[in-house]
Amino acid sequence: MTRWLSIQEAINKERGDVAIRGWVWRERGSNALKFIVIRDSSSIIQCVIEKDKVPEDMWLAADKLRIEASVEIEGTIKEDKRAPTGFEVSVKKLQVIGESDNFPIAKDQSPEFLLDNRHLWLRSRKMTAILKIRSTYVQAREEFFRKEGFYKFDPPILQPNQSEGGSTLFEVKYYKDKTFLSQSWQLYAEAAVFALEKVYDFAPTFRAELSKTSRHLSEFWMAEMEAAWWNLKDVSEFAKKEIKYCLSAVLAKHEKDLIFLGQDAEKLKKVLAKDWPTIKYREAIKILKEKEGMDVSFGKDLRTIEEDALMNHFDTPIVVTHYPKEIMAFYKPADAQHPDEALCFDMLAPEGYGEIVGGSQRDTDIDALKESLEKMGEKPENYEWYLDLRKYGSVPHSGYGLGTERVLAWICHLDNIKDAIAFPRTALRWKP
Ligand code: 4AD
Ligand code: MG
């Protein structure tokens with residue numbers, strides 16, 4: 001039986017006979033010599049076929065090979081400094097597995113064209129690198145929460161209530177009724193902490209975002225956690241620890257991929273080694289006023305342009321706490337010392353990547369919760385099950401949600417969040 005090596009394994013072998021399989025990434029040749037570069041999930045390698053040295057039918061097959069045809073190759077590998085990855089396979093046996101004709105993606109195509117052909121563009125070296133990093137990131141996060149003694153808790157995706165504002169809900173016809181796609185697992189996680197105390201999840205999350213920005217998706221993967229007995233400081237510090245753990249796993253395994261994506265891996269290592277500051281919203285608006293000449297009066301949310309201006313003064317992610325209570329989601333409690341401030345936080349990434357985490361302590365005061373719900377035009381009776389949680393042995397608890405694609409966009413230095421997920425959904429795109 002043939003022992004197939006991945007291209008990277010073949011390269012690691014350096015010399016001798018190898019059997020590899022993959023897809024044609026580049027091809028060129030003359031009437032005596034054909035160069036094909038094969039790719040698989042691990043790497044690429046140049047293969048050379050000489051007309052004089054192979055049977056005629058094999059030469060004809062090789063001559064017909066086009067971009068993205070799939071092949072099995074047996075041959076001898078050796079170092080060749082001129083080849084793209086420093087090695088070359090001299091082909092002895094070639095088997096075409098799947099032909100390919102006129103692969104639609106050539107050089108210099110527009111981002112929209114690539115998005116229309118996303119099912120094919122996934123094979124690009126760029127998307128392959130991003131998807132590998134995403135896979136490592138998600139696995140590291142899983143490890144992190146297990147090590148920290150958390151239970152994985154799966155929330156419902158069809159939910160009767162909003163938690164993050166009615167304007168971004170996706171309504172779903174539900175038999176004779178209606179329901180909504182999850183905007184967050186939070187309200188259910190708050191039920192779960194009374195059983196499991198420390199829970200986390202990783203789940204598809206939906207927001208009907210009309211804002212067409214490089215930071216918003218309509219479907220994204222939120223990575224959330226909730227813990228009984230924890231306060232604002234506990235969770236905001238824990239969020240830094242979580243991201244540092246995952247970033248360090250990515251750096252350990254994907255330095256080459258990061259460099260390929262145009263990221264400066266050395267810079268990320270420095271970010272990892274630094275302390276990430278925590279400031280209050282009031283200090284943030286002071287920085288904006290004094291250093292950026294921007295007037296944000298207390299009570300206004302930080303918009304993208306203000307977040308970006310603030311981050312001109314930091315080269316690591318930062319945590320901003322105590323946003324104005326007035327403009328925060330109903331479950332974020334007022335700070336007893338400063339009732340106009342909420343016990344909440346956002347984490348902002350440097351270099352214009354914006355808010356990557358949002359979280360808070362949770363209000364345990366049932367009357368305050370009802371009042372906040374009414375203020376935003378919600379009927380407290382629709383939240384009865386949630387308010388029940390405050391009636392039977394309620395305890396302080398806190399949690400946050402991290403936008404996986406936002407963090408990956410930052411780590412991978414992407415221009416647009418759409419490249420941080422395989423098949424992006426936005427207000428304008430739900431295909432392929
Ligand atoms: O700040 P958000 O809205 O917080 C919540 O939903 C809380 N219930 C989470 C919690 O406390 N358990 O969303 C959390 C994070 C944001 O910081 C952002 O990173 C990401 O989710 N996010 C989005 N990412 C991509 N596209 C969108 N439309 C996003 N909306 C939020
Ligand atoms: Mg937020």
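Heads up: numbering here begins at 1 and tracks the sequence. Just follow the structure's listing: the first ligand is 1, and inside any ligand the first atom is 1.
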Would Glu209 and Thr168 count as a side chain to side chain donor-acceptor pair (under 3.5 Å) if you check the C-alpha gap in whole Å, the side-chain angles of each, and the deciding distance to 0.1 Å? CA-CA 6 Å; Glu209 301 274 9; Thr168 63; 5.5 Å; no
Just checking, any donor-acceptor pair under 3.5 angstrom between side chains of Glu307 and Tyr353? no
Should Lys267 and Glu351 count as an ion pair when the cut-off is N to O under 4.0 Å? yes
Distance filter under 4.0 Å to Gly358 heavy atoms, resulting ligand 1 atoms: 1 (O), 9 (C), 10 (C), 11 (O), 17 (O)
For ligand 1, find out whether one of its N or O atoms is nearer than 3.5 Å to an N or O atom of Gly403. yes
Inspect the contact between Glu306 and Arg303 and indicate whether a charged nitrogen and a carboxylate oxygen are less than 4.0 angstrom apart. yes
I need the contact type for Glu164 against ligand 1. Using non-hydrogen atoms and a strict under-4.0 Å cut-off, is it side chain, backbone, both or neither? side chain
N/O separation below 3.5 Å, Gln186 to ligand 1: yes
Which option, Glu224, Arg215, Glu405, owns the non-hydrogen atom nearest atom 25 (C) of ligand 1? Arg215
Counting heavy atoms not belonging to Lys269, are there more than 12 under 6.0 Å from its NZ? yes
One finds that the ligand 1 atoms under 4.0 Å from a non-hydrogen atom of Gly399 are 11 (O)
Selection residues 293-321 - residue pairs positive for ring pair (Phe, Tyr, Trp, His ring centres under 6.0 Å), sequence neighbours left out: Tyr281-Phe298
For ligand 1, is there an N or O atom under 3.5 Å from any N or O atom of Ser360? no
Of all protein heavy atoms, the one nearest atom 18 (C) of ligand 1 is Arg406 NH1, 3.5 Å
Only one of Tyr245, Tyr200, Phe202 clears side chain to side chain contact (heavy atoms under 4.5 Å, CB included) with Phe145; which? Tyr200
What protein heavy atom is closest to atom 6 (O) of ligand 1, reported as residue, atom name and distance in Å? Arg207 NH2, 2.8 Å
Charged N-O contact under 4.0 Å between Asp308 and Arg215: yes
Working to the nearest 0.5 angstrom, can you tell me the gap between Ser100 OG and Leu65 CG? 9.5 Å
Which bit of Tyr331 gets closer than 4.0 Å to ligand 1, counting heavy atoms only: side chain, backbone, both or neither? side chain
Do Phe150 and Phe238 have their ring centres less than 6.0 Å from each other? yes
The test is side chain to side chain donor-acceptor pair (under 3.5 Å); show your working for Asp80 and Gln46 and say whether it passes. CA-CA 9 Å; Asp80 187 323; Gln46 177 165 296; 5.2 Å; no
Does at least one non-hydrogen atom of Ser163 fall below 4.0 angstrom from an atom of ligand 1? no
Would you say Leu217 has any N or O atom under 3.5 Å from an N or O of ligand 1, going by distance alone? yes
Decide whether an N or O pair under 3.5 Å exists between Glu209 and ligand 1. yes
How far is atom 15 (C) of ligand 1 from its nearest protein heavy atom, and which residue and atom is that? Gly401 O, 3.6 Å
Between Glu148 and Lys241, does the salt bridge (charged side-chain N to carboxylate O under 4.0 Å, His left out) criterion hold? Intermediate values first, please. CA-CA 11 Å; Glu148 295 283 343; Lys241 194 174 171 190; 2.9 Å; yes
Of the side chain and backbone of Arg362, name the one, both, or neither that has a heavy atom under 4.0 Å from an atom of ligand 1. side chain
Quick one: does ligand 1 sit under 4.0 Å from the side chain of Tyr400, the backbone, both or neither, non-hydrogen atoms only? backbone
Passing candidate, side chain to side chain contact (heavy atoms under 4.5 Å, CB included) with Leu251, options Ile411, Val271, Leu272: Leu272
Is a donor from one side chain sitting under 3.5 angstrom from an acceptor on the other, for Thr364 and Arg362? no
Region of Glu355 that comes within reach of ligand 1 [heavy atoms, distance under 4.0 Å]: both
Arg125 side chain reached by Phe260 side chain, heavy atoms, under 4.5 Å: yes
Should you measure from each heavy atom of Val357, which atoms of ligand 1 turn up under 4.0 Å away? 17 (O)
Within the 2.8 Å cut-off the protein N, O or S neighbours of the Mg ion (ligand 2) are Glu355 OE2
Would you say Ile356 and ligand 1 have an N/O pair spaced under 3.5 Å apart? yes
At a non-hydrogen distance cut-off of under 4.0 Å, which region of Val407 contacts ligand 1 (side chain, backbone, both, or neither)? neither
Taking all non-hydrogen atoms of both residues, which atom of Arg134 and which atom of Ala420 are closest, and how far apart? NH1-O, 2.8 Å
